[in-house]
**Student:** 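Handing you this structure, nothing more for now.
Just the heavy atoms: all of them, side chains too, but no hydrogens, waters or symmetry mates, feed the values below. Small disclaimer: the values here were computed from a predicted structure and weren't measured. Whatever order the structure lists ligands and atoms in, that order sets their numbers, starting from 1.
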Amino acid sequence: MNKNKLFIVFEGIDGCGKSTQIRKLSKYLSSLNEANVCTKEPTDGAIGVLIRNSIKEENVQFSPLTQLFLFSADRVEHANWIQRQLDARNHVLCDRFIDSTIAYQGRTKALEKAILEINSLSLNFIQPDIVFFIDVSVDIALKRIKNRVETDCFENFDFLKSVRQRYLNRIKSKALNYELINGEKSIEETFSSIKKTLLNFRR
Ligand code: TYD
């Protein structure tokens, strides 16, 4: 098997089950003695913390355009960290990356273009090797997250429906190596699709 270190991104609407699948993939890679680190956006750095506080439903502080810049700025710092991890020969498993900004903040073609330009300036050419898009219907996603204590300002039906559509459009563009995974099955079945896809990719 090809042992190159991979930058693997997980995307999908809130409640799609990304975090569970990332934990499972990390454990699986560790069981093969393949060093890996898990990370996420918004990050735990200063800008990420500012974002998390500002998108709580009861506490929305910034306009959508400011949010676009904040998520992108958080990613500038994050990309440097990711590069260091890859240089240190760790796989990087990342919960959300540029496609989240396109799906959540890229409401118009002009905004999508701006996001791509800003990010291409700042990412030092870091590109995910593979992007798993865990697809679930908005109904299922909302059912899964309804018991969460903290909700953010994006977790409503109409907005998540448009986010899901933007993800699907982006996948069609084939800009990156996207893999569409059905996230409506059981955790184990979903993980088995991810594992199979990854093994094929590395063959
Ligand atoms: P996340 O912690 O992944 O939320 P959850 O654990 O509920 O899935 O992300 C927080 C929110 O930030 C999520 O609603 C998606 C949103 N987000 C954007 O709007 N743009 C972005 O660029 C990123 C990275 C996240």
Side-chain angles (χ1 to χ4, degrees), residues 7-26 38-79 81-82 92-108 111-123 126 128 131-138 140-167 169-170 175-176 181 183 187 190:
F7 176 25
I8 304 172
V9 171
F10 283 74
E11 292 282 357
I13 59 175
D14 302 63
C16 70
K18 294 174 277 91
S19 345
T20 309
Q21 296 299 331
I22 288 180
R23 275 197 300 274
K24 286 185 78 67
L25 184 58
S26 168
C38 298
T39 184
K40 61 174 192 269
E41 293 189 2
T43 65
D44 290 329
I47 304 170
V49 171
L50 170 69
I51 294 172
R52 277 187 198 283
N53 284 325
S54 71
I55 61 174
K56 285 183 190 152
E57 192 158 32
E58 66 287 0
N59 195 25
V60 177
Q61 283 172 19
F62 301 117
S63 69
L65 189 58
T66 303
Q67 288 174 352
L68 183 162
F69 286 117
L70 286 175
F71 283 114
S72 302
D74 189 31
R75 188 166 306 120
V76 175
E77 304 306 316
H78 196 202
W81 181 89
I82 291 170
V92 176
L93 313 185
C94 187
D95 188 338
R96 300 192 179 282
F97 201 59
I98 182 168
D99 290 302
S100 282
T101 313
I102 291 174
Y104 283 77
Q105 279 73 45
R107 279 170 296 114
T108 62
L111 285 170
E112 179 180 337
K113 195 162 164 249
I115 293 164
L116 286 167
E117 276 171 14
I118 294 167
N119 280 268
S120 74
L121 281 177
S122 58
L123 290 187
I126 292 195
V131 180
F132 287 109
F133 172 61
I134 316 283
D135 189 34
V136 296
S137 72
V138 176
I140 289 191
L142 286 177
K143 264 189 209 132
R144 287 184 186 168
I145 58 185
K146 80 170 187 296
N147 293 325
R148 284 191 190 168
V149 183
E150 285 202 334
T151 47
D152 67 45
C153 61
F154 306 118
E155 292 170 7
N156 68 76
F157 187 88
D158 289 338
F159 187 71
L160 288 184
K161 206 170 151 208
S162 69
V163 169
R164 183 183 182 209
Q165 193 51 55
R166 280 192 288 276
Y167 269 129
N169 293 344
R170 177 86 177 135
L176 293 172
I181 301 288
I187 292 177
T190 304

**Student:** Which residue pairs satisfy the salt bridge (Lys or Arg N to Asp or Glu O under 4.0 Å) criterion with at least one member in residues 56-67, sequence neighbours excluded?
**Tutor:**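 Of all non-adjacent pairs touching residues 56-67, those that pass salt bridge (Lys or Arg N to Asp or Glu O under 4.0 Å) are K56-E150.
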
**Student:** Looking at Q21 and I187, would you say the former's side chain and the latter's main chain have a donor-acceptor pair under 3.5 Å?
**Tutor:**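 Answer holds: yes.
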
**Student:** Which protein residues have a heavy atom closer than 4.0 Å to any atom of ligand 1, listed by chain and number?
**Tutor:**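 Lining ligand 1: D14, K18, E41, P42, R52, I55, F71, R75, R96, S100, T101, Y104, Q105, R148, D152, F154, E155.
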
**Student:** Give a yes or no answer on whether the side chain of R96 reaches the backbone of G12 with a donor-acceptor pair at less than 3.5 Å.
**Tutor:**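 Such a contact is found between R96 side chain and G12 backbone.
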
**Student:** Which of these, L160, I181, I145, V136, sits in a side chain to side chain contact (heavy atoms under 4.5 Å, CB included) with C16?
**Tutor:**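 Going through the options one by one, the only one that passes is V136.
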
**Student:** If only atom types and distance count, is the side chain of R164 paired as donor or acceptor with the main-chain N or O of V138 below 3.5 Å?
**Tutor:**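 Not confirmed, R164 side chain does not pair with V138 backbone.
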
**Student:** Please check this pair: side chain of S72 against backbone of L68, looking for a donor-acceptor N/O pair closer than 3.5 Å.
**Tutor:**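 Here the side-chain-to-backbone pair exists.
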
